[in-house]
Engineer: 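Quick one: the structure is below, and I'll ask about it shortly.
Every heavy atom of this structure was used, including side-chain atoms; hydrogens, water molecules and symmetry mates were not. None of these values were measured; they are calculated from a predicted model.
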Amino acid sequence: MLTRAQLERYRADGFLVLPRFVEPDACAALRERAGEIVAAFAPHRDEAPVFDTTEQGHARDDYFLTSGDKVRCFLEAEGEDGSWAVNKIGHALHDLDPVFEGFSYNARLAEVAGDLGYRDPRLLQSMYILKEARVGGEVTAHCDHTFLWTEPPTVSAFWFAIDPATVENGCLWALPGGHRLPVRSRFRRAGTGTTMEVYDPEPYPTDGMVPLEADVGTLVLLPGLLPHPSGANRSERP
């Protein structure tokens with residue numbers, strides 16, 4: 001599935017952008033299903049915490065901590081006019097929702113995982129991030145290994161563009177070669193809550209980060225040690 005040149009680029013940069021990997025119709029099906037999940041959630045929105053990537057306040061909430069085998073919605077910060085929006089849906093869409101399951105468990109993705117060196121891959125977590133027009137929040141630079149820790153590091157992210165992702169509407173950014181930096185922190189369960197073990201308080205460097213703009217159907221591969229943020233969406237497009 002991946003060429004030798006693509007694998008070399010992935011290992012050098014720490015990410016790989018694969019345009020037109022998924023058909024637009026498949027992305028449209030996910031978008032439609034996500035809309036149905038949000039619509040069903042709307043009457044119960046008072047149950048959900050605000051998703052916060054800066055202070056990780058949501059991570060102390062039982063609604064979040066027990067979502068690993070559920071499909072739950074998490075909110076953006078409330079607008080000045082009292083409006084609300086869903087930040088993301090997670091974290092077991094791939095196992096519990098037939099539309100997302102069909103998208104996630106397929107031979108092409110399994111082949112990509114094999115090309116990356118996986119011999120017994122496990123799908124642990126799925127998220128649908130909405131980044132709604134005008135309200136989609138910033139995600140600060142982080143690496144996924146911090147939150148899905150294994151020794152040695154083995155987590156990778158398969159990120160798909162459901163809508164066109166641009167600098168204006170909050171696309172991913174990445175630091176080429178950043179996967180060779182030491183990990184800064186580790187997220188742990190601690191009793192009934194969580195804690196963040198900080199090994200280095202210095203933020204990940206932003207100089208040299210590049211935007212990973214992506215059209216519909218693009219697959220972006222991200223190893224777990226790669227620092228990557230995404231911008232806020234203040235545009236008119238999701």
Side-chain angles (χ1 to χ4, degrees), residues 1-3 5-24 26-28 30-31 34 51-54 56 74 76-77 85-90 109 112 115-116 125-148 153 155-185 202-238:
M1 182 65 69
L2 300 180
T3 67
Q6 286 172 326
L7 287 169
E8 289 175 352
R9 176 54 54 197
Y10 176 76
R11 291 168 184 142
D13 289 344
F15 57 87
L16 184 65
V17 179
L18 300 172
R20 298 180 297 279
F21 188 89
V22 176
E23 292 296 323
C27 296
L30 295 188
R31 187 190 303 107
F51 202 78
D52 172 18
T53 66
T54 302
Q56 300 291 332
F74 299 85
E76 298 277 8
V86 171
N87 172 285
K88 76 169 187 173
I89 309 168
L109 294 184
V112 171
D115 289 344
L116 297 181
Q125 185 183 92
S126 50
M127 295 180 285
Y128 186 98
I129 300 171
L130 283 92
K131 287 263 184 180
E132 295 283 12
R134 298 181 300 280
V135 298
E138 175 188 11
V139 178
T140 55
H142 64 286
C143 68
D144 294 332
H145 176 60
T146 288
F147 299 97
L148 293 169
V155 67
S156 295
F158 286 44
W159 184 99
F160 300 90
I162 305 302
D163 294 296
T166 66
V167 170
E168 287 72 26
N169 70 355
C171 70
L172 285 171
W173 290 68
L175 181 66
H179 58 308
R180 289 186 284 273
L181 293 171
V183 66
R184 298 288 205 264
S185 56
E202 188 70 21
Y204 284 110
T206 56
D207 288 348
M209 280 203 175
V210 296
L212 305 185
E213 294 190 305
D215 205 353
V216 173
T218 297
L219 166 60
V220 181
L221 300 175
L222 303 165
L225 290 173
L226 180 77
H228 58 283
S230 65
N233 182 8
R234 298 297 176 255
S235 78
E236 298 301 313
R237 296 185 299 106

Engineer: How would you list, by chain and number, every residue that makes a side-chain contact (heavy atoms from CB on, under 4.5 Å) with Q6, sequence neighbours excluded?
Structural biologist: L2, T3, L16, L18
Engineer: Who passes side-chain hydrogen bond (donor to acceptor under 3.5 Å, both in side chains) against D13, sequence neighbours left out?
Structural biologist: R9
Engineer: Restricting to side-chain hydrogen bond (donor to acceptor under 3.5 Å, both in side chains), what partner residues turn up for E168, sequence neighbours left out?
Structural biologist: T166
Engineer: Only counting residues at least two apart or in another chain, list the ones meeting ring-ring contact (aromatic ring centres under 6.0 Å, His included) with H179.
Structural biologist: none
Engineer: Return the set of residues passing salt bridge (charged side-chain N to carboxylate O under 4.0 Å, His left out) with R20 (not counting sequence neighbours), or none when no residue passes.
Structural biologist: none
Engineer: List for me each residue that meets side-chain hydrogen bond (donor to acceptor under 3.5 Å, both in side chains) alongside H142, sequence neighbours excluded, and say none if there are none.
Structural biologist: H228
Engineer: Would you say that I162 contacts C27 through its side chain, given a criterion of any heavy-atom pair below 4.5 Å between the two side chains?
Structural biologist: yes
Engineer: Which pair of heavy atoms, one from S156 and one from Y10, lies closest together, and at what distance?
Structural biologist: OG-OH, 3.9 Å
Engineer: What heavy-atom pair brings N169 and P164 nearest, and what distance separates the two atoms?
Structural biologist: ND2-O, 2.9 Å
Engineer: Answer whether the closest heavy-atom distance between the side chains of F74 and I129 falls below 4.5 Å.
Structural biologist: no
Engineer: Does any pair with a residue in residues 228-238 pass salt bridge (Lys or Arg N to Asp or Glu O under 4.0 Å), and if so which ones, sequence neighbours excluded?
Structural biologist: R134-E236
Engineer: Apply side-chain hydrogen bond (donor to acceptor under 3.5 Å, both in side chains) to S235 and list each qualifying residue two or more places apart in sequence or on a separate chain.
Structural biologist: N233
Engineer: Of all heavy-atom pairs between A157 and D144, which one has the smallest distance, and what is that distance?
Structural biologist: CB-OD2, 3.5 Å
Engineer: Test: salt bridge (Lys or Arg N to Asp or Glu O under 4.0 Å). Region: residues 219-230. Which pairs qualify, not counting sequence neighbours?
Structural biologist: none
Engineer: Can you name the ring-ring contact (aromatic ring centres under 6.0 Å, His included) partners of F160, sequence neighbours left out?
Structural biologist: F103
Engineer: Short question: side chain of Y204, backbone of R184 - any donor-acceptor pair under 3.5 Å?
Structural biologist: yes
Engineer: Output a table of donor-acceptor pairs, distance under 3.5 Å, between side-chain atoms of residues 205-227 and any protein atom two or more places apart or on a different chain; print 'none' if there are none.
Structural biologist:
unit_1: E213; atom_1: OE2; unit_2: V167; atom_2: N; d: 2.9
unit_1: T218; atom_1: OG1; unit_2: D215; atom_2: N; d: 3.4
unit_1: T218; atom_1: OG1; unit_2: D215; atom_2: O; d: 2.9

Engineer: Could you tell me which non-hydrogen atom of K131 sits nearest to which non-hydrogen atom of S230, and how far apart they are?
Structural biologist: NZ-OG, 3.0 Å
Engineer: Under the salt bridge (charged side-chain N to carboxylate O under 4.0 Å, His left out) rule, collect the residues that match up with R11, sequence neighbours excluded.
Structural biologist: none
